[in-house]
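First comes the structure, then the notes that go with it.
When reading the values below, keep in mind they use all heavy atoms of this one structure, side chains included, and skip hydrogens, waters and symmetry mates. Quick caveat, the model's predicted, so the values are computed rather than measured.
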Amino acid sequence: MRFARPRRPEGPDMTSADGSRQSVKSLFKMLEVLEAFSSSDPELSVVEIARRTSLPRTTVHRIVDSLRSVGFLEQDASRDRYRLGLKLFELGGNALTNLPLYREAPPFVDTLAKLTGEDVHLCIFDGAQMVFVNRRNQVARPHNTVITMEASPCHSTGVGKAALAFQSEAVIERVIRAGLAHFTPNTIVEPKRLRAELAAIRARGYSIDDCEHEPELRCVGAPIRNSAGRVFAAISASGPSRRVTPERVPELARAVMTHAELLSIRLGYEPSSQKPEAGFSGKHAGSDDEARHPSSATKTPTE
C-alpha cells in the first residue's frame, strides 16, 4: 500500500524557513535597486534599473512602487524616472550621528587643527568612497559645517588613500573597477600606479595627497582603526601647497598619525595587544566589509 506524499505548503501556508528565505531574497533585491543609483546617475527609469540589476522589469516595477510608498524613492514630475528619497538621507544621518566615532572625534579634530594650523577632515570609508564625519577649516567659509553624507573619492584624497590602503584586495579592485576619475594633472588614474602608492602608504603608515584632488592643495592622512584593529576611517590635515611643502610633510604626518592612533584607542583599539587581520601583510590590514563598524569607546587617550 502506497502512502501519498504530503504536499509542500505554498503561498501563505509555506513554512517559516521558506518564508524567511523569501523575505531575505526580497530584501536583497530591494538593496540592488537602491544601489543602482549613484552620484553620477541620481535619476533612473525602471528600464535602466532593470538593466543595471539584471532583474526582470516587472520585478523592478513592483520593488520601485514599494520603495516609493515608504519614501525610499521619489518619482519625478514626468513619472518616468526615480531618485533616492529623503527618508534614506534621514536614516543615513541618524546612523552617522549615532556612531561612536562621531561622538568621540571632535576633541581630536579640534586639537589637530590647532596644532597644525591646517584644515582637518575626518571621514568614514563606506566601501566605495569616504563620507565626511567632521571637519575643521582654518578660514571661515560659507556653510562651514559638516554636510551629512557628503562624500569624496578614495584614490585622490588623503583620507581616501589612507583608508583604502588597508582594505582587502577585493575592496581595492572594486574601487578601481568603478573608475579612477581625473581631477588634476597629479591624480593617479593608472591602477598599477595606485596599487604601488597604496603599498607605500602601508609601509610608512600615512598617505599624501600631492595636489591630486584639488590644484595647489596638499594633504597628509592616517588610518583610524576600530577595536578589532580594522581600518574603517581616516583623518587628515591639508593646506595650500605653498605652506604644506614636501619638507613639512613628515612633521604633519607625525601629528596626524598620533591623533589617528589616539582616536583609535578611544574607540577600543589596543595597539600593543592586537595582530594584523587577514588581508595584506602590512600592519592591521582590514577585511572587505567589517572595517566600517567602530566599537564603543572603552579607553581614554593620553593627550
Side-chain angles (χ1 to χ4, degrees), residues 101-102 104-125 129-147 150-166 180-190 193-194 196-225 231 233-264 266 301-303:
L101 178 67
Y102 187 87
E104 302 293 343
F108 298 91
V109 173
D110 289 340
T111 303
L112 183 58
K114 291 174 183 176
L115 180 66
T116 62
E118 305 299 345
D119 293 352
V120 173
H121 293 153
L122 176 71
C123 298
I124 286 179
F125 178 62
Q129 54 191 352
M130 302 303 292
V131 179
F132 281 92
V133 174
N134 203 320
R135 62 159 65 110
R136 290 293 181 273
N137 291 331
Q138 297 301 322
V139 179
R141 301 185 180 104
H143 309 297
N144 190 26
T145 55
V146 175
I147 301 174
E150 180 185 353
S152 66
C154 286
H155 69 288
S156 62
T157 61
V159 285
K161 290 195 292 181
L164 185 62
F166 295 89
L180 304 177
H182 192 275
F183 297 99
T184 76
N186 287 2
T187 306
I188 298 175
V189 294
E190 300 84 10
R193 189 179 161 207
L194 178 62
E197 173 75 0
L198 298 179
I201 292 167
R202 290 192 292 276
R204 65 177 177 247
Y206 66 90
S207 64
I208 305 170
D209 165 6
D210 189 17
C211 308
E212 297 163 40
H213 191 65
E214 294 183 36
E216 301 180 7
L217 186 71
R218 188 169 282 119
C219 173
V220 178
I224 295 172
R225 299 175 171 88
V231 173
I235 191 170
S236 70
S238 59
S241 55
R242 59 180 168 74
R243 191 168 66 229
V244 181
T245 61
E247 292 75 22
R248 194 181 166 214
V249 164
E251 170 200 337
L252 281 179
R254 285 191 293 271
V256 173
M257 286 192 293
T258 296
H259 283 72
E261 183 169 61
L262 288 173
L263 181 50
S264 298
R266 182 74 179 183
T302 303
E303 297 189 33

Nearest heavy atoms of [X] and [Y], plus distance in Å:
| X | Y | result |
| --- | --- | --- |
| V220 | A253 | CG1-CA, 3.7 Å |
| E118 | S238 | CB-O, 3.3 Å |
| A162 | V231 | O-CG1, 4.4 Å |
| P250 | E247 | CD-O, 3.5 Å |
| S236 | V159 | OG-CG1, 3.5 Å |
| P153 | M130 | O-CG, 4.3 Å |

| said: Counting only heavy atoms from other residues, nucleotides and ligands, does the tally under 6.0 Å from CD of E216 exceed 12? | reply: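 Counting neighbours around CD of E216, 12 or fewer heavy atoms of other residues, nucleotides or ligands fall under 6.0 Å, so no.
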
Would you compute the distance between atom [atom1] of [X] and atom [atom2] of [Y] and round it to the nearest 0.5 angstrom?
| X | Y | atom1 | atom2 | answer |
| --- | --- | --- | --- | --- |
| L217 | C211 | CG | SG | 7.0 Å |
| E261 | I235 | CD | CD1 | 13.0 Å |
| L252 | Y206 | CG | OH | 10.0 Å |
| K161 | E212 | NZ | CD | 3.5 Å |
| R202 | F166 | CZ | CZ | 7.5 Å |
| R193 | E197 | CZ | CD | 7.5 Å |

| message | Using side-chain contact (heavy atoms from CB on, under 4.5 Å), reason through E104 and L263 one step at a time and then give a plain yes or no. | response | CA-CA 8 Å; E104 302 293 343; L263 181 50; 4.3 Å; yes

| message | Can you tell whether the side chains of R218 and D210 come within less than 4.0 Å, N to carboxylate O? | response |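 Result for this pair is yes, salt bridge flagged.
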
| message | Check this for me: does any side-chain nitrogen of one of R136 and D110 sit under 4.0 Å from a carboxylate oxygen of the other? | response |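 Salt bridge: yes.
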
When you measure from the side chain of [X] to the backbone of [Y], do you find a donor-acceptor pair of N or O atoms at a distance under 3.5 Å?
| X | Y | value |
| --- | --- | --- |
| T184 | N186 | yes |
| H155 | A181 | yes |
| S207 | G158 | yes |

| request: Begin from the C-alpha positions of H121 and N137 and carry the test side-chain contact (heavy atoms from CB on, under 4.5 Å) through to its verdict. | output: CA-CA 8 Å; H121 293 153; N137 291 331; 3.9 Å; yes

| field | Audit row: L262, F108, side-chain contact (heavy atoms from CB on, under 4.5 Å) steps and yes/no | value | CA-CA 8 Å; L262 288 173; F108 298 91; 3.7 Å; yes

| field | Side-chain touch P106/N134, heavy atoms, less than 4.5 angstrom | value |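 In short, these two side chains touch, coming nearer than 4.5 Å.
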
| request: Go through V256 and L112 one step at a time and tell me if the side-chain contact (heavy atoms from CB on, under 4.5 Å) criterion holds. | output: CA-CA 7 Å; V256 173; L112 183 58; 4.2 Å; yes

